[in-house]
Each structure stands twice: as C-alpha cells, then as structure tokens.
Number of protein chains: 2
Amino acid sequence: MALKSFVEVSPDSHFPIQNLPFGIFKPEPGSTPRPGVAIGDYVLDLSSISDAGLFDGPFLSGSDCFQEPNLNKFLALGRPAWKEARATLQNLLSADEPKLRDNANLREKSLVPMGKVEMLLPIVIGDYTDFFSSMHHARNCGIMFRGPENAINPNWFHLPIAYHGRSSSIVVSGTDIIRPRGQGHPSGNTPPYFGPSRKLDFELEMAAVVGPGNELGKPVDVNEAGDHIFGLVLLNDWSARDIQSWEYVPLGPFLGKSFGTTMSPWIVTLDALEPFACDAPKQDPQPLPYLAEKISKNYDISLEVQIKPAGQEDSCVVTRSNFNHLYWTVTQQLAHHTINGCNLRPGDLLGTGTISGPEPESYGCLLELTWNGQKPLSLKGTTRKFLEDGDEVIFSGCSKGDGYNVGFGTCSGKILPSP
Amino acid sequence: MALKSFVEVSPDSHFPIQNLPFGIFKPEPGSTPRPGVAIGDYVLDLSSISDAGLFDGPFLSGSDCFQEPNLNKFLALGRPAWKEARATLQNLLSADEPKLRDNANLREKSLVPMGKVEMLLPIVIGDYTDFFSSMHHARNCGIMFRGPENAINPNWFHLPIAYHGRSSSIVVSGTDIIRPRGQGHPSGNTPPYFGPSRKLDFELEMAAVVGPGNELGKPVDVNEAGDHIFGLVLLNDWSARDIQSWEYVPLGPFLGKSFGTTMSPWIVTLDALEPFACDAPKQDPQPLPYLAEKISKNYDISLEVQIKPAGQEDSCVVTRSNFNHLYWTVTQQLAHHTINGCNLRPGDLLGTGTISGPEPESYGCLLELTWNGQKPLSLKGTTRKFLEDGDEVIFSGCSKGDGYNVGFGTCSGKILPSP
Ligand SMILES: [Ca+2]
Ligand SMILES: [Ca+2]
Ligand SMILES: [Mg+2]
Ligand SMILES: [Mg+2]
Ligand code: NI
C-alpha cells in the first residue's frame with residue numbers, strides 16, 4: 001500500500017508525504033524564520049519537532065540546525081543527515097504513527113496552515129552560477145544572434161558552459177520585479193540608448209542547491225557529485241535582452257541579468273525525485289573522463305510557464321517543457337564547476353540554464369517563443385513580444401507518480417514599471 | 001607640522017598615521033579574529049580600543065562593530081562612522097595625545113607587533129564583480145584575440161564592462177594557489193586537451209570595498225557613489241589563459257578565473273587616499289548622463305609586480321603601473337553596477353580589471369608582457385612565458401606623499417603544482 005499521511009492531502013497536491021520539500025517560513029508576521037516541510041496544505045514547523053526531541057537519529061539528535069533562520073547548517077551536514085531527516089519526518093507524518101498524530105498539543109504547535117505562513121528564501125546563497133545546458137536553447141539563441149552556421153559554439157559539446165551570476169538579487173517567489181533600466185543598442189553605428197528595458201524576458205530554469213560542498217583545490221568526482229546536491233528548485237532568471245545583447249561581448253551577461261532572479265520557496269530533495277530519474281540524452285562527442293558518469297541521469301519533471309497580464313483574471317500557458325531536456329546533467333555541471341579547484345559552499349545555487357525542448361511550444365523564454373519579437377505570442381485577447389508592466393509570470397513544476405505528485409509548487413513574480 | 005604618531009614609524013613604512021588601513025587579524029594562533037589598523041610595524045587592536053570606551057563619538061559609541069570577526073558591520077555604518085573612526089584613531093595615535101601613549105597597560109594590550117599576527121580576509125564578500133576598465137589592457141587583449149581592427153569592442157567606450165566573479169575562492173595574501181586543471185584547446189578542429197593549465201597568469205588589479213550599499217531597485221547616483229566605497233585593496237585575479245580562451249564564448253570567463261583570487265589584507269580608505277586624487281582621463285565619447293560625473297577622479301597609486309621563482313633568493317620586478325591609468329573610475333563602475341536596480345551589500349568587492357599602462361613595461365599581466373608567450377620575460381638567470389610551479393607573485397602599491405607614504409603593503413601568492 002502506498003505511504004499515506006494522517007494529514008489529509010488532496011490527490012492533486014504537490015506536497016504529499018512522498019515529497020516533503022524543505023523551506024524557511026514565518027508562521028506569523030512578527031515571528032522568527034524557521035525551517036519547515038510542506039505536507040498537503042500545511043507546513044510542518046521543524047523547530048517545534050526538533051524542540052520536542054523527535055529528531056532522534058544519530059546525525060540530527062542534538063543538532064540545532066532546525067533552529068536556524070536558513071537551511072545552510074542542515075545542508076552542510078550532508079546526505080546521511082538529509083536521509084535521516086526525511087526518514088524521521090516520513091515516519092512522523094505517516095498515518096500509522098501516533099507520536100505526532102495523537103499529540104494534539106504538538107500538532108497544534110507544529111502544523112501551520114500554508115495559507116497563513118510567509119515563505120522566505122530558504123538559503124543564504126554564497127555564490128550563484130548559471131549554466132547553459134539545454135542544447136535547444138543554445139541552438140535557438142545561436143541562430144538568432146550568430147546565424148545558423150555558427151549557432152552552437154564548438155566548446156558547447158565539450159563542457160557545460162556557465163557564468164557566475166549575482167547572489168544579492170536572488171529573491172523568493174512572490175517578490176515583485178522592477179523593470180531594469182540600462183543601455184541598449186539598436187544596430188550599426190548609432191549610439192546606445194538608455195532607458196527602461198524594451199525586451200524584458202523570463203528564463204524557465206531549475207537550480208540545484210549545493211551541500212556540503214568541497215574545499216578549495218579539491219575537485220568533486222563526477223560520480224560522487226550527487227552527494228553534493230541537496231535538491232532542486234524552480235528558478236526564473238529574468239533577463240533584459242536589449243541590455244544583455246549590448247553588454248555581453250567579451251565578458252558575458254552582467255546587468256542584463258543581475259536585477260533579479262526568482263526562486264521557488266520549496267527545495268525538493270533528490271531523494272524525493274529518485275522515482276522520477278530517467279536516462280540523460282546520449283552525449284556525442286564522448287565527454288572527457290572527468291565528465292564521464294557511470295550513470296548519467298535526468299529527472300522527469302514537467303514544467304509550465306503561465307503569464308497573467310495586468311488586469312486580467314486568467315493566466316495563459318505560454319510554454320510546456322521538461323527538466324529531462326538537459327544535455328549536461330546537474331552532476332556533470334557540479335563536477336565541471338570544481339575541476340579547477342573552485343570550492344562550493346552549502347547553499348550555493350547552480351542554475352541549469354533555460355530549459356527549452358525541441359518543439360516551439362516547449363521553448364523556455366520569450367526570446368525563443370517569439371523569435372526575438374518577430375512572432376508575437378497571443379494570450380487570450382492580447383499579444384506579447386516581451387514582458388509588459390503588470391505581467392505576472394508563474395512557473396510550476398511537477399513529477400507525476402502512481403497516485404501522487406512530487407511537485408515544486410510555483411515560482412512567480414510580477415513586473416513593476418521602472419522608477 | 002606634519003601629523004606624527006607616538007608609535008615610531010620609519011620613513012619608508014606604508015603605514016604612517018596618515019594611512020591607518022583597516023584589516024582583520026589574530027594576535028595569536030588560537031585567538032578570535034578582530035579588527036585592527038596598521039600603524040608602522042604594529043597592529044592596533046580595535047576590539048581593545050572599543051572595550052576601553054575610546055570610540056566615544058556619536059556614530060561609534062555603543063556599537064559592537066569592532067567586536068566582530070569581519071569589517072562588514074562597520075562598513076554598513078557608512079561614511080560618517082568611517083570618518084569618525086579615522087579621526088578618533090588619528091587623535092589617539094598622535095604624538096601629542098596622552099590617552100593611549102601614557103597608558104602602559106592599554107598600549108601593551110592593544111599594540112601588537114605586526115610580525116606576530118596572522119592577517120585574515122577582512123570582509124565577508126557577498127558578491128565579487130570584476131571590471132575591465134583599463135583601455136590599454138582591453139586593447140592589448142583585443143589585438144591578441146581578435147586582431148588590431150576589432151581590438152576594442154564598440155560597447156567598451158560606452159559602459160564599464162564587467163563580469164560576475166566567484167566569491168568563495170577569494171583568499172587573503174599569503175595563501176598558496178594550486179595550479180588549476182581544466183580544458184584547453186590548441187586550435188582548429190582538434191579536440192580539447194585536459195590537464196594542468198599551461199598558461200597560468202596573474203592580473204594586476206585593485207578593488208573597491210563596498211559599504212553601505214543600496215536596496216534592490218534603487219540605483220546609486222554616480223555623484224554619490226563615492227559614499228558607497230570604503231576603500232581600496234590590491235587584487236590578483238589569477239587567470240588560466242588556456243582554460244579562459246576555450247570556455248569564454250559566449251558567457252564570459254568562468255573556470256579560468258574561479259580557482260582563486262588574492263586580496264591584500266589592509267583596506268586603505270578613500271579618506272587616506274584623498275591627498276593622492278588626480279583627474280581621470282578625459283572620456284570620448286561623452287558618457288551617458290547616468291555615468292557623467294561632476295568630478296571624475298582617479299588616485300595616483302604606484303603599482304609594482306615582482307616574481308620570485310622557486311629556489312631563488314631574489315625577486316624580479318616584472319611591471320610597474322599606476323591606478324591612474326583607469327579609463328572608467330571606480331565611482332562610474334559602482335553607479336553602472338546599480339543602474340539596473342542591482343543591490344550592493346557591505347563587503348562586496350568591485351575589481352578594477354587589469355591595470356595596464358600605455359608602455360610595454362607597464363602591462364598588468366604576463367599575457368600582455370610576453371604577448372601571449374611569444375616574447376618571454378627574462379628574470380635574473382631564467383625566463384617566463386607564464387607562471388611556473390613554485391613562482392611567488394608579489395604585488396605592492398603605494399602613494400608617495402610629502403615625507404610619508406600611504407601604502408597597501410603587499411598582495412602575494414605562490415603557485416603549487418596541480419594535484
Ligand atoms: Ca539563464
Ligand atoms: Ca580580471
Ligand atoms: Mg537573473
Ligand atoms: Mg580569480
Ligand atoms: Ni593610461
């Protein structure tokens with residue numbers, strides 16, 4: 001029989017007992033941020049569970065990691081502690097286990113209705129790196145900017161291309177995004193213009209949350225890289241295409257990206273995603289030995305983007321994609337990141353890059369979906385080349401199991417006008 | 001008469017009472033890190049001075065910022081507090097002031113011989129950005145990689161180009177640097193090779209230390225940007241040219257940089273550098289209004305790089321440059337960084353980019369000095385195209401005043417072989 005919780009969970013919920021994603025929340029406006037897991041329409045307060053002495057396994061008993069205002073200390077403990085926490089919580093929440101089920105006082109204290117809580121960024125992000133691992137995205141961008149002959153640069157098939165991103169401007173889902181101002185360049189020898197971005201875009205991404213990390217000078221083996229990834233989140237790497245295309249030669253994207261990046265509040269663990277593991281695409285040419293994995297896997301996670309224009313009641317689905325389109329796996333990304341000796345720290349974030357599928361309906365950003373504004377998208381009663389003020393962009397992600405989902409909830413943000 | 005300290009300071013010292021740079025140190029191996037300022041051959045322990053109640057001005061009395069293991073809290077207080085700290089310490093250390101001079105007990109406790117202390121990274125660096133602000137460097141790199149016709153990309157003269165760097169691998173002067181491994185690419189259609197970098201280089205830079213920073217969505221005006229810069233440090237942006245040149249299209253430098261960046265331990269304040277302010281180069285074309293400064297200034301800071309090969313007693317000077325070669329000022333860099341709404345936080349680091357002068361003897365990295373290995377440098381009895389294992393690279397920087405220096409000390413690192 002399938003694992004079931006005493007907390008009622010509707011069949012279409014993203015958060016059944018099989019999931020148990022970790023986040024940081026405030027139960028009430030004035031209260032201290034604390035770790036929680038999502039279960040149905042509730043958040044289980046891990047600080048209460050820890051206070052009650054219910055984390056009694058060898059790795060977590062006596063630890064104060066669930067009294068922290070972020071998950072970094074928990075992430076630093078590594079996979080044995082993560083597995084222990086998951087096992088403890090699955091047991092505690094299961095229908096057969098009376099410890100929490102029959103303790104009205106503790107239930108009252110620890111199970112908070114999700115509608116009442118404020119979700120915060122779950123981690124302190126020391127460094128954020130953004131990869132470029134979807135071949136379809138790389139090809140589409142290449143065709144638009146450099147023509148079909150040189151669409152994908154030769155290095156792309158040999159290494160997971162990435163750039164360092166900006167940590168300070170990563171915000172949690174629900175935070176408004178102010179349209180950035182900056183320089184753009186129409187074409188030819190005309191001087192650049194300055195003003196609010198005219199080509200504001202989203203990028204449909206996911207990101208790996210790193211723990212426990214590695215020392216400077218000590219690369220992580222690609223076959224052990226999975227032990228350095230706690231879980232995944234949805235990530236919107238908002239992008240101002242006009243700013244980006246004018247600034248990015250030769251040092252890469254900078255202000256076209258750094259005005260804001262939105263992450264979903266719930267980190268879904270790799271352990272919860274394991275039933276949805278699938279083969280990664282075959283790589284040709286063969287990667288160099290330091291990138292060659294014994295088992296090269298992706299996860300089957302359906303992704304969807306909706307846009308809700310200002311003043312409209314309904315949102316429109318603008319794309320459907322899947323995490324399994326990634327050419328370079330997250331473990332290859334992580335191993336590559338450290339091969340030069342670079343150190344990763346608990347809470348570092350590795351974005352996958354825009355996840356585009358092969359079909360036009362599965363492209364992961366407006367740049368591709370509208371082919372740089374040449375083919376406007378129609379949204380019930382209106383059209384879009386790029387994002388307009390008041391648009392709300394809503395990502396969702398979900399893996400469908402046999403009778404249950406392992407979902408990510410949503411990752412959303414609304415565009416406010418430039419100051 | 002010139003300001004003078006009761007602490008004896010030799011005339012060639014970098015650290016007279018006119019300087020008073022801030023750092024973080026441990027007086028003894030087991031002790032807690034704490035803030036200090038350099039004075040001659042001593043470090044003044046600011047935690048003791050604070051304990052003794054001697055920071056009695058309106059901004060610092062009652063603050064525990066000097067009990068912290070990093071300077072971030074002090075940086076967050078902003079320029080009025082920074083000026084007050086400087087005035088308090090200049091007074092306390094001056095020859096005429098008996099408060100510390102005649103208090104043997106406090107002197108004993110607070111003045112630690114520099115030879116005995118361990119210097120640590122002075123700040124927790126949330127984000128590190130590296131600019132590309134020397135025209136001579138941009139031109140030389142452009143000629144080598146893209147030919148003389150397209151040496152400098154058209155965007156360069158309109159905005160201070162930059163990339164997000166890696167915070168986790170920033171280390172303090174004296175930390176060994178392990179030669180990174182990675183992919184390089186010989187040329188043409190051959191596959192990439194993998195191994196220890198064959199073109200390891202230094203980059204002579206300085207960096208601005210940010211405080212107090214700005215909120216997301218609230219750009220800093222270029223004419224107020226100086227109030228967001230606490231001071232400057234020397235910075236060695238170690239670079240693996242073979243890794244960098246293979247990976248950097250289209251998203252910029254990544255593993256060719258992220259294996260290590262070395263900063264000097266002492267932050268020299270802009271207030272101490274003010275006597276050395278000089279006009280920045282005239283900019284043509286005129287920058288856009290958001291980058292146009294009422295007063296556009298650089299500082300006259302002489303910079304020098306020495307290499308000390310393994311097993312040799314002597315080091316050789318390989319270049320002499322000056323901070324005043326920068327085309328884009330640090331205040332323009334900071335204003336540009338925030339124009340899209342990006343938030344800066346106390347302790348963020350803004351590297352200037354390699355500071356090359358116009359003459360071949362003033363180029364700021366081996367790539368330029370040896371013209372990508374084509375013209376080896378001779379160092380007493382040996383030659384160098386790029387750095388070899390065991391080489392120690394030592395930067396120094398100093399502004400010469402009338403009878404005193406305002407110096408940065410050194411910023412050094414030794415290359416260890418790949419694992
Ligand atoms: Ca991206
Ligand atoms: Ca640099
Ligand atoms: Mg972004
Ligand atoms: Mg570096
Ligand atoms: Ni010059």
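Values in this document were obtained by computation on a predicted structure and should not be read as measured data. Letters A, B, ... mirror the listed sequences (proteins, then strands); counts begin at 1.
In this structure, chain B has heavy atoms under 4.5 Å from both the backbone and the side chain of A:H337. Using a 4.5 Å cut-off between heavy atoms, A:P285 makes no contact with chain B at all. Using a 4.5 Å cut-off between heavy atoms, A:V124 does not touch chain B at all. If you measure heavy-atom distances from A:L159 to chain B, the contacts under 4.5 Å come from both the backbone and the side chain.
Options A:P154, A:G165, A:P191, A:P419 differ in how many heavy-atom pairs under 4.5 Å they form with chain B, and the most are formed by A:G165. Top candidate by heavy-atom pairs under 4.5 Å with chain B, chosen from A:I178, A:L216, A:T338, is A:L216. Your options are A:G182, A:P192, A:C141, and the one with the most heavy-atom pairs under 4.5 Å with chain B is A:P192.
Here A:E368 does not pair with A:R139 in a salt bridge; the nearest charged N to carboxylate O distance is not below 4.0 Å.
Of residues 194-201 of chain B, those residues lying under 4.5 Å from chain A by any heavy-atom pair are B:F194.
Taking the six-membered ring for Trp and the full ring otherwise, B:W246 and A:H158 have centroids separated by under 6.0 Å.
B:T331 pairs with exactly one of B:H228, B:E293, B:E224 by the side chain to side chain donor-acceptor pair (under 3.5 Å) rule, that one being B:E293.
Formation of a donor-acceptor pair under 3.5 Å by the A:W156 side chain with backbone atoms of A:F132 is found in this model. Side chain of B:N214 to backbone of B:L344: a donor-acceptor contact under 3.5 angstrom is found.
For the residue pair B:T129 and B:D348, no side-chain donor N or O sits within less than 3.5 Å of a side-chain acceptor on the partner.
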